[in-house]
Amino acid sequence: MKLLLHIALGHLLARKRQTLVSMMGVAMGVGFSIAMASLMEGSQRDFITRIVDNMPHIVIKDEFRANPLQPVDLLFQKGAVELKGLKPKDEIRGIKAPWNKIEALEALPGLKVAPTLSSQIFLSFGGKDVSATLLGIDVERERQATSIEADIVTEGGLDSLHTAANGLILGRGLAAKLGAQPNDTLTATSASGVVMKMKVVGLFHTGIISVDSSQSYALLKKAQILADRPNVINLMRIKMSDPMAAVDMALMLESRWGYKSESWQESNEGLLGAFAIRNAVMYITVSAILIVASFGIFNVVSTVVYEKTRDIAILRSMGFEPSDIKGIFLLEGFLVGLLGALLGWGLGFGLCQILGMVRFNIKMMTEVQGFILHSTWIHYTLSGAVAATSATLASYLPARKASRLKPVDTIRGAA
Amino acid sequence: MSAQTPAIEARSLSRILPGLVPAVLVDGVDFRAEKGELVAITGASGSGKSSLLYLLGLLDEPTSGSVIIAGQDCAPLSDAERTFLRLERLGFVFQFHFLLAEFSVLNNVCMPMKKLGRLSDAEQDAHGRELLKELGLQGFEKKLPEQLSGGERQRVAIARALANAPGILLADEPTGNLDSKNSRIVFDIFRNLARDHGKTIITVTHDHDLARTCDRQVHLADGKVVA
Ligand SMILES: Nc1ncnc2c1ncn2[C@@H]1O[C@H](COP(=O)(O)OP(=O)(O)O)[C@@H](O)[C@H]1O
Ligand SMILES: [Mg+2]
């Protein structure tokens, strides 16, 4: 092995420029793949962190996944019974016996619950009508189970809800739509027709545009009065100390109480799926770069084999075996790949530093000021391993050809 | 003829290239060379000298007949075993020097020793230097082949062929690219190796004057031994 390495290095060092060019090809592939992976991973993690930090990990709603079975269905469970003109029983919406459930949830370790009455309201101010979602909350529990307080940009936090008779905290986008400022008094109208004067006591800004432009907060009691649904809670937002356990917990809660319990993973299924597609696109791009780089390596090794036919002949006649010859040229490919990968690590690291310094301001689903990068050792190891492997594979064909050359054919021709 | 086992022997050796018109390169050659013997193979161009040498050196396989090295019939051997015999028992010198351009003179000479792997790096180094010194190439160790004259390169090739101390040296027109002075030097080396070191040397040559200085001449015509 040492001998083969000795000869392989000799060949590569004798054509430094060619070797360097093919190494650069590999380095580009590795460098860009590290930078891209870092970008992808960064934005993905940022997204998930935002979701995990800002959104409830489980939401229990006063809904059921399947329509409740009708008495006739219960009676003929496997029968071909069709029901026409059914008028469902007018159920009072809301989670039944909510405070027992809250108590039960709060007894579980690592769980915080924010009970809420969520309802659609109309806000009117200065001739403008804007529809909004009103969350009636329990301040103390809200503080523990959600991060909304940190997003309140005005003085006083959630407690400012207590400073007015009917206090209201608006998303900044929503306030802008209304043209309302703190201390302005708005008119709120609910679906059941109750009208209430409410005073803007604060503004919040989460960075998630859909939330900022449509949500508002009030005390639970006031929201219940406005909606004309005393004592009703129709939403429980749960925060978990281990967000990854949300799927299992949601399943457990749903099977226990029947209410639709949605984990954050389920709510963001589409988004997580999009990440998978994005990653696939990235891997395809990176593979394409590495395939191009492999052609470079194939080229170098083929050239060396062609130029070194005489060396191969003499090595074979002095007692080197075909496998030795193959080993020499495979090693050459591997070395170009390995050194290229090391160079690529440097390039990737540098690219990440540069990308990290870029600043811009765009508004899409969330607001960002720059690239969010996150490199892990997996990116480096994986890209390096793929580069070294594909480089070795690229040199396989020329190496095999070299090992099959017959020394006599070459020696006869040389004078 | 001595009764001892010949260093190398060919028995009704033939090499026919298959084809529409099969080409007979070597045609039923019987040949033997003793330890310490310097044999010249002569013959017109195309008479089959090189082909015979490749067969003797196990670089090519005969169509029929066999090569026997130190009493061992090589016909039934596998490729790997023949390769190992070349490494251990045979040395080659060709008309072209076949030195590896990227490696120093000393590295070129040490290549077969590295492959055989019986000596430590230091021992290989010392042995390589010693061989170069014997061939009058002291001080050339670190040079690259391209910095040497034709005669010097051919002597480096001889040193490399001798690296693993083989009993048999096979040379195919080793002086074909050399002037008469350098040609004489090469043959002086061969004679010395045969007489003083007991090497069996079989060399193909065009040069009748040089051939006459050998212990024996074998003349080929149309792939057959004629004298
Ligand atoms: N691959 C081949 N195909 C056809 N004929 C060949 C081939 N190799 C050698 N020959 C022929 O075989 C004969 C012997 O060649 P060679 O052993 O090289 O002769 P020499 O070394 O005496 O000049 C020549 O006539 C040559 O043309
Ligand atoms: Mg010839």
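Naming: A, B, ... by sequence-line order, numbering from 1 per chain. Quantities reported herein were computed from a predicted structural model and do not represent experimental measurements.
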> CG of D222(B): more than 12 outside heavy atoms within 6.0 angstrom?
Replying inline: no

>> So which atom in L59(B) and which in P407(A) form the shortest heavy-atom distance, rounded to 0.1 Å?
In response: CD2-CG, 4.3 Å

>> Within residues 51-58 of chain B, which residues come under 4.5 Å of chain A, heavy atom to heavy atom?
In response: S51(B), Y54(B)

> Which residue out of L13(A), T410(A), V408(A) racks up the most heavy-atom pairs below 4.5 Å with chain B?
Replying inline: V408(A)

> Which one, I314(A), D324(A), L315(A), leads in non-hydrogen pairs under 4.5 Å with chain B?
Replying inline: I314(A)

>> Can you tell me which of D172(B), L90(B), N164(B), L100(B) forms the most heavy-atom pairs within a distance under 4.5 Å of chain A?
In response: L100(B)

> Would one find more than 12 heavy atoms of other residues, nucleotides or ligands at under 6.0 Å from atom CZ of F84(B)?
Replying inline: yes

> Does any heavy atom of chain B fall under 4.5 Å from the side chain of K406(A), the backbone, both, or neither of them?
Replying inline: neither

> Which atoms of L4(A) come close to chain B, meaning under 4.5 Å heavy atom to heavy atom: side chain ones, backbone ones, both, or neither?
Replying inline: neither

>> Which residues in residues 108-123 of chain B have any heavy atom closer than 4.5 Å to a heavy atom of chain A?
In response: M111(B), P112(B), K114(B), K115(B), D121(B)

> Using non-hydrogen atoms only, which part of R160(B) is less than 4.5 Å away from chain A: side chain, backbone, both, or neither?
Replying inline: side chain

>> Can you tell me which of H11(A), K308(A), E321(A), H6(A) forms the most heavy-atom pairs within a distance under 4.5 Å of chain B?
In response: H6(A)

> So, do E102(B) and R15(A) sit near enough that their side-chain heavy atoms are less than 4.5 Å apart?
Replying inline: yes

> Would you say R316(A)'s side chain and T83(B)'s backbone share a donor-acceptor pair under 3.5 angstrom?
Replying inline: no

> Can you say whether N107(B) sits under 4.5 Å from chain A via the side chain, the backbone, both, or neither, judging by heavy atoms?
Replying inline: side chain

> Do F98(B) and S317(A) have side-chain heavy atoms sitting under 4.5 Å apart?
Replying inline: no

> So, do I7(A) and F103(B) sit near enough that their side-chain heavy atoms are less than 4.5 Å apart?
Replying inline: yes

>> Is it the case that atom CZ in R89(B) sees more than 12 heavy atoms from other parts of the structure closer than 6.0 Å?
In response: no

